[in-house]
Structures are given as C-alpha cells and as structure tokens.
Protein chains: 2
Amino acid sequence: MVTLHSFPDQQAILNLAKRYPQLDIASVETCLAFLNTTADVYQALDVHFARYELSMGKFTILMQLLQADEQGLTPSECAEKCGVTRATITGLLDGLERKELVTRKPYPSDRRMLSIHLTDKGQQLLCQMLPDHFCRTTNLMANLTDTEKKTLIELLSKVKAGTPAILKP
Amino acid sequence: MVTLHSFPDQQAILNLAKRYPQLDIASVETCLAFLNTTADVYQALDVHFARYELSMGKFTILMQLLQADEQGLTPSECAEKCGVTRATITGLLDGLERKELVTRKPYPSDRRMLSIHLTDKGQQLLCQMLPDHFCRTTNLMANLTDTEKKTLIELLSKVKAGTPAILKP
DNA sequence: ACTTTTTAATAAGCTAGCTAATTAAATTTA
DNA sequence: TAAATTTAATTAGCTAGCTTATTAAAAAGT
C-alpha cells in the first residue's frame, strides 16, 4: 500500500525552481497535492478493508466475482479485470481461499485453467460489508457537490491523459 | 506500488445501486475515477524512477536530504518527513547506501541516532535527473490550465477532508 | 547512584505488488 | 502424427510498505 507523503514547504519549491527552470511551480504543487491525497485515501481504505480482514486487492476480486455469472472467472480474467499480473492474483487467491471466501475449481474444457467462485461465506461477507462500504465511499466524497464531482472526474481524466509524458523515453 | 485498477462498467454500478441504497452513484464513480487515475500515475512514476534505478520512496529521501542543512537528517526525521515508519526508512536507506547515494554517520551527541547525508554521487544523480523529472511533472499536468490546477487542488483537499469518514469506527 | 522508562534504529515476519522462470496443457506447425 | 510453440497458473526472488519485538542508548524517577 502507499502511505508515502511528501511535504516540501513553499520555500523549498521556490528554491528548487530557482535552480531548475524546468520546474513549473503550479504543476509540482498540483502533483504533490495529488500524491498526498492519494496517500491519505489509501491509508484510510486500508484501515477500512482491514476491518473485514481484507485488502483492496482481495476486495476487488470478490467484487468482480459477485458480478460474474455462474461460470465464475479464471485467474487470467481476474488479473485483467483488476489490472494486476497473474502472479499477483495467485497470491491474492491463496489468501482468499485460506479464508474460505473463494474456491478454485477445475475448468471443464481446459486443464491449464481454473474457475474461481465465491463461496457462500464470501457472498455473506460482501452482503454484510457493502452497505457500510458504500456509506463510507459516499461520505468520502460528501464534501463535494455533484457539480464538483463531475469536475473532479474531468480534471482527473486530464491528469491521466498526461501519464504518457512520464512514460516517454 | 499500486497498479490496481477497478473497471466496473456502468451497468454493474447500477445493478449494485439497486441492491444497496447506500450506494451513491456519483460518489462511487468519483472514487473509481480517483483510484484509476492513481493507479496510472503511480505506474508511470514507477517507470520514471526505475530509469534512474530509484523508487519513489528512495527519491523522496534524496530530495529531503538535498534540502537539509549540513547536519543531514536522522532516520526518524526522514520517516516523519516522508510519512512512513522508521522500519521502512531503514530498508530504503539500506538500498540507497548500497548504491552509494547516501552515508550513515554517527550522530555527535546521541549514539542511538544516525546522521544521514547525501554523497557526492547522490548529489550528482539528483542534478542529472531533476531537469528531466520536473519536465515530466510539468507535462503530466500540461493538459490542465492554471485555473484547473487550482480547482483540482481544492477538490483534492475536499476529498482528503472526507478520509475521517472512512476511518470512523 | 541506581533503576525504570522511553527512544532510535534495526530485525523478523508478513502482505502485495513486480519480473522471470518453470511446469503442465493446449494449439500450431511441419 | 510428432515436434515445436504458445498459454495458464504457479514458484522464486525481489522491493516497499506494515507491525511487533529486540537491542543499545538516553532520559526520567527514586
């Protein structure tokens, strides 16, 4: 999980800007605000999921399985839907299986694959926690009006559109 | 690092909203937009820091040391400024020391403490990478006008203000 | 002056992410 | 039909975060 904060004060940014003309103060401040908010939100979410002895990764898999049909999902499908590698999914499923929240079943037509299903216990846990979960998610965003939520989504998509600039060689 | 994505489609959110009246669609969509943007930005930043054989945590420590005075920083001060535990700082300093970017020196007046300093090599690495780093940070935010950057900072601080709602028992 | 408590850094053990390699199974190629 | 290639899941090894415990050193209390 990410709890890293960065707290440079205004003076530190100004000092750096003197030495590095490439530093755009407004951009750096926006970036730092984003990273600091991320650290806080993730830390709070970790506490939240820990109440139910879950992590965000485990919870995400459970949610994907809740919405899957009777065939379940393969580990590869879980990896794709959750945006992590298959190796990571293996570890997460190990934990979920140990807690008896999911089962790994053979895939009928391909012995390389598995079919992952929610157990009754897993379904019950989600039923129990989702009201609380959605309440908290709603309250996380309660300080924003509906217009502000839309604005935030638009601005975040502009930030996201800038990520290739970091990846470029 | 966090690369977890969550990609529920519109229909999935609507289905859940039918079963869980606590689910506020606008809040969940805003939250998911935030988490997805976070995943992308962190993934891109990981690639960026990896070019210099660093991680965000290591880079943050180096930046704190760059701005420190001649006394350096203690590991405790690093932990506080970076927002992680002292145990985590120990591991990060191990890596930075192995790369000869920092040195651990005895603290003059208290043998429990250490004084951490940038090496010449560490300073040279920062001088070399910071122009590129600030260019990329500027480009990450280039799709936003200055007004939008200020708006984003304000909206993020409202999100951050909502984190106690997740922490509350 | 000695004992107790607190503090700093680290070690141990864990989770969750990654990459690369491995094994078994399916598909493709010749 | 057999060999070669590709795929799915896992394993191994790593990093970076955490908590808890440990050890050495300083501070506080008696």
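Residue numbers start from 1 in every chain, and the chains themselves are labelled A, B, ... in the order their sequence lines are given, proteins ahead of strands. Below, each value reflects all heavy atoms present in this structure, side chains not excepted, and no hydrogens, waters or symmetry copies.
- One finds a side-chain N or O of A:Lys58 lying less than 4.0 angstrom from the OP1 or OP2 phosphate oxygen of C:dA16.
- Residues B:Val159 and B:Ile153 fall into different hydrophobic clusters, defined by Ile, Leu, Val, Met, Phe, Trp and Tyr side chains chained together at heavy-atom separations under 4.5 Å.
- If you measure from atom CD1 of A:Ile89 to atom P of D:dT11, you get 15 Å, rounded to the nearest angstrom.
- For A:Leu93 and D:dT10, the CG to P distance is 7 Å, given to the nearest whole Å.
- Between the side chains of A:Thr88 and A:Thr85, at least one donor N or O lies within less than 3.5 Å of an accepting N or O.
- Partners of A:Asp120 under the side-chain contact (heavy atoms from CB on, under 4.5 Å) rule, at least two apart in sequence or in another chain, are A:Gln123, A:Gln124.
- Listed pair A:Ser55 / C:dA16 meets the phosphate criterion, a side-chain N or O lying under 4.0 Å from OP1 or OP2.
- Taking NE2 from A:His133 and CG from A:Leu45, the interatomic distance works out to 7.5 Å, rounded to the nearest 0.5 Å.
- Under the 4.5 Å side-chain criterion, counting only non-hydrogen atoms from C-beta, B:Thr74 is not in contact with B:Ile116.
- Contacts between residues 94-112 of chain B and DNA chain D, defined by a heavy-atom separation under 4.0 Å, are made by B:Arg98, B:Asp110, B:Arg111, B:Arg112.
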Original post:
How far apart are the C-alpha atoms of B:Arg104 and B:Asp94, what are their side-chain angles, what is the distance that settles it, and do they pass the salt bridge (Lys or Arg N to Asp or Glu O under 4.0 Å) test?
Top reply: CA-CA 10 Å; B:Arg104 281 167 157 123; B:Asp94 283 348; 3.0 Å; yes
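- For B:Val84, the side-chain atoms get nearest to D:dG17 when compared with the rest of C:dT10, C:dC18, D:dG17.
- With the end axes of the helix from C:dA1-D:dT30 to C:dA30-D:dT1 each set by five pairs, the angle from one to the other reads 0° at 10° resolution.
- Taking only side-chain nitrogens and oxygens, A:Arg86 comes nearer than 4.0 Å to OP1 or OP2 of D:dA8.
- At D:dA9, one or more side-chain N or O atoms of A:Ser76 fall inside 4.0 Å of OP1 or OP2 (strictly under the cut-off).
- Considering CZ of B:Phe49 and CZ of B:Phe59, their distance stands at 5.0 Å, rounded to 0.5 Å.
- Between B:Thr88 and D:dC18, a side-chain N or O to OP1/OP2 separation shorter than 4.0 Å is present.
- Linking ILVMFWY residues whenever their side-chain heavy atoms come closer than 4.5 Å, directly or via other members, leaves B:Leu96 and B:Tyr107 in distinct clusters.
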